[in-house]
There are 2 protein chains.
Amino acid sequence: MIVQRQSGVALWRQIADRIRTAIANGDYDATGKVPPEISLAAEFGVNRHTVRSALAALAQEGIVRAVQGRGTLIERKERLNFPISRRTRFSEGIGDQAKEKEGLLLAASEESATPDLASRLQLAVGAAVIRLETLRKADRRPVSRATAWFPAERFAGIAEAYRDSGSITAAFTALGLTDYLRVSTEVTAVHADSGDLADLELSPGAIMLVTRALNADADGVPVQYAISRFPADMVQFTIEN
Amino acid sequence: MIVQRQSGVALWRQIADRIRTAIANGDYDATGKVPPEISLAAEFGVNRHTVRSALAALAQEGIVRAVQGRGTLIERKERLNFPISRRTRFSEGIGDQAKEKEGLLLAASEESATPDLASRLQLAVGAAVIRLETLRKADRRPVSRATAWFPAERFAGIAEAYRDSGSITAAFTALGLTDYLRVSTEVTAVHADSGDLADLELSPGAIMLVTRALNADADGVPVQYAISRFPADMVQFTIEN
DNA sequence: CCCCATTTGTGCGTATGTATT
DNA sequence: GAATACATACGCACAAATGGG
């Protein structure tokens, strides 16, 4: 398996991505370090300098740490698992995979529903909706950026409720909605945009998993539509049927 | 939203990826063509030469076709939707999104189960399993590469059954298994490797959605474990709860 | 303690790719 | 298309740190 030249993607970046994936897969768990630069160079068919560029990028991300004479040690290795089910909740989904969970409100505004949004939330086109931009963290590392829309009439004050609790579930409870269910989830993947890079502290070229999710109350009335973005090398989804 | 310099990913490739995604999202459906090079250059903050490199790459992929004096026409635009549910089946999932469906057997072999695989299929470590490498096409375009493992004792002859029918469901039926259910599905995303690029006719830097799926018979006995890889700009998954 | 193999860190010259004007 | 500037990748060589005998 060889890296691709003249593809518009620098060799060092391709190699960095491959090593990052290998670390996440646990391929180097036996030693706790990455193979020596010289053997990685042989494996990928490149110069050692090129491998060094890749490792430097991973060191910048905090994933590895090179020690002269010893090798390149693996510092951080994480891939959070998010279950997707009828009862999907962000905080519960993480479970004990992280100790500290945090939800930050980046921005909130009221706007009127576009045709697409109105049809998903079963509102009239132009109906008032509240939009929240949120950033969620696990153990102080950002793990997702999300934009969520709620019917404004029913959920006035949800921005404050979310800001105070850091949790959608808690905010809903505060507004009198005690239970809600996931109706559908669409999953795609794209390259990180500049907002992702800034908010999630990623390096360019990173891959994002994108979910578009609809939640409804017990009567099936839509209560939330959300587009969430997760760094693909930190996250995987599990659908249990 | 601006492209990233010095990121190890050439600007023309970042722009090609963004335009490919925009086409898949239907952003240019109104006109059936990509905006003029000069306005794309302004949008991305690069020189027109750089945009031309990106469009040349997309033309090479057969996605667009530049016509002097008219613009850059969109030739092909697709994002197949795959439902993931308890009854997930590849061919049925595509439904009428494609007329022609094809399943090719690339390779088949018998091997012994690794600890990980054995635990998933509920076999003894080292038990005989059959591995199939398959390539699935819709309307003559490759849409996924998959590696699937089956308990060898129960499903001897599945390689031939798949080769003849081009369908896992049909192969199971031929071997006496009339029904099976999806137990769980893990979803991740990675960069395409060289095998993806070759088999799926992609360009380097492309993103792959990866699913790891376990299927079981009506009694809950595992019958298949499969790792499938889909080009992210052609595919999305939908989970209906 | 020294020696030595292993491994990372650094320098420099050259060729090619990328992006701008 | 030409000229320019910078990024990427290579090859070779040597320095510096580590760990084990």
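Computed from a predicted structure; not experimentally measured. Order of the sequence lines sets the chain letters (A, B, ...), proteins ahead of strands, with each chain counted from 1.
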Checklist entry - What is the nucleic acid contact for A/Ser53, judged by heavy atoms within less than 4.0 Å: base, sugar-phosphate only, or nothing? => result nothing
Next on the checklist: Nearest to the side chain of A/Arg48, heavy atoms from C-beta on, is which of D/dC10, D/dT8, C/dG9?
Outcome noted: C/dG9
Next on the checklist: Taking A/Arg48 first and then A/Glu43, would you say they form a salt bridge - that is, a charged N and a carboxylate O separated by under 4.0 Å?
Outcome noted: no
Item to check | Selection from C/dT20, D/dA16, D/dT18 that lies nearest to any side-chain heavy atom of B/Leu11 | outcome: C/dT20
Checklist outcome for this item: Closest to the side chain of A/Glu37, out of D/dC10, C/dT8, D/dA9, is C/dT8
Checklist entry - Within the structure, does a side-chain N or O atom of A/Arg52 lie under 4.0 Å from either OP1 or OP2 of C/dT8? => result no
Next on the checklist: If you only use heavy atoms from C-beta on, which nucleotide in D/dA17, D/dT18, C/dT20 is closest to the side chain of B/Thr50?
Outcome noted: C/dT20
Checklist entry - Closest to the B/Trp12 side chain: D/dG19, C/dA19, D/dA9? => result C/dA19
Item to check | Per A/Val46 side chain, nearest of listed nucleotides C/dT7, C/dT10, D/dC10 | outcome: D/dC10
Item to check | Donor-acceptor pair between A/Glu133 and A/Thr147 side chains, under 3.5 angstrom | outcome: yes
Next on the checklist: Closest approach to the side chain of B/Asn47, judged atom by atom: which nucleotide of C/dT8, C/dT21, C/dA19 is it?
Outcome noted: C/dT21
Next on the checklist: In terms of relative ring orientation, are B/Phe82 and B/Phe230 parallel, tilted or perpendicular, with 30° and 60° separating the classes?
Outcome noted: tilted
Next on the checklist: Using a distance-only criterion (donor-acceptor N/O pair, under 3.5 Å, no hydrogens), is the base of D/dG1 paired with the side chain of B/His49?
Outcome noted: yes
Item to check | Minimum-distance nucleotide to A/Gln68 side chain [options: D/dA16, C/dT10, D/dA9] | outcome: D/dA16
Item to check | Residue A/Ala66, side-chain atoms from C-beta onward, closest of D/dC10, D/dA2, C/dT8 | outcome: C/dT8
Checklist outcome for this item: Closest of C/dT7, D/dA9, D/dC12 to the A/Pro36 side chain is C/dT7
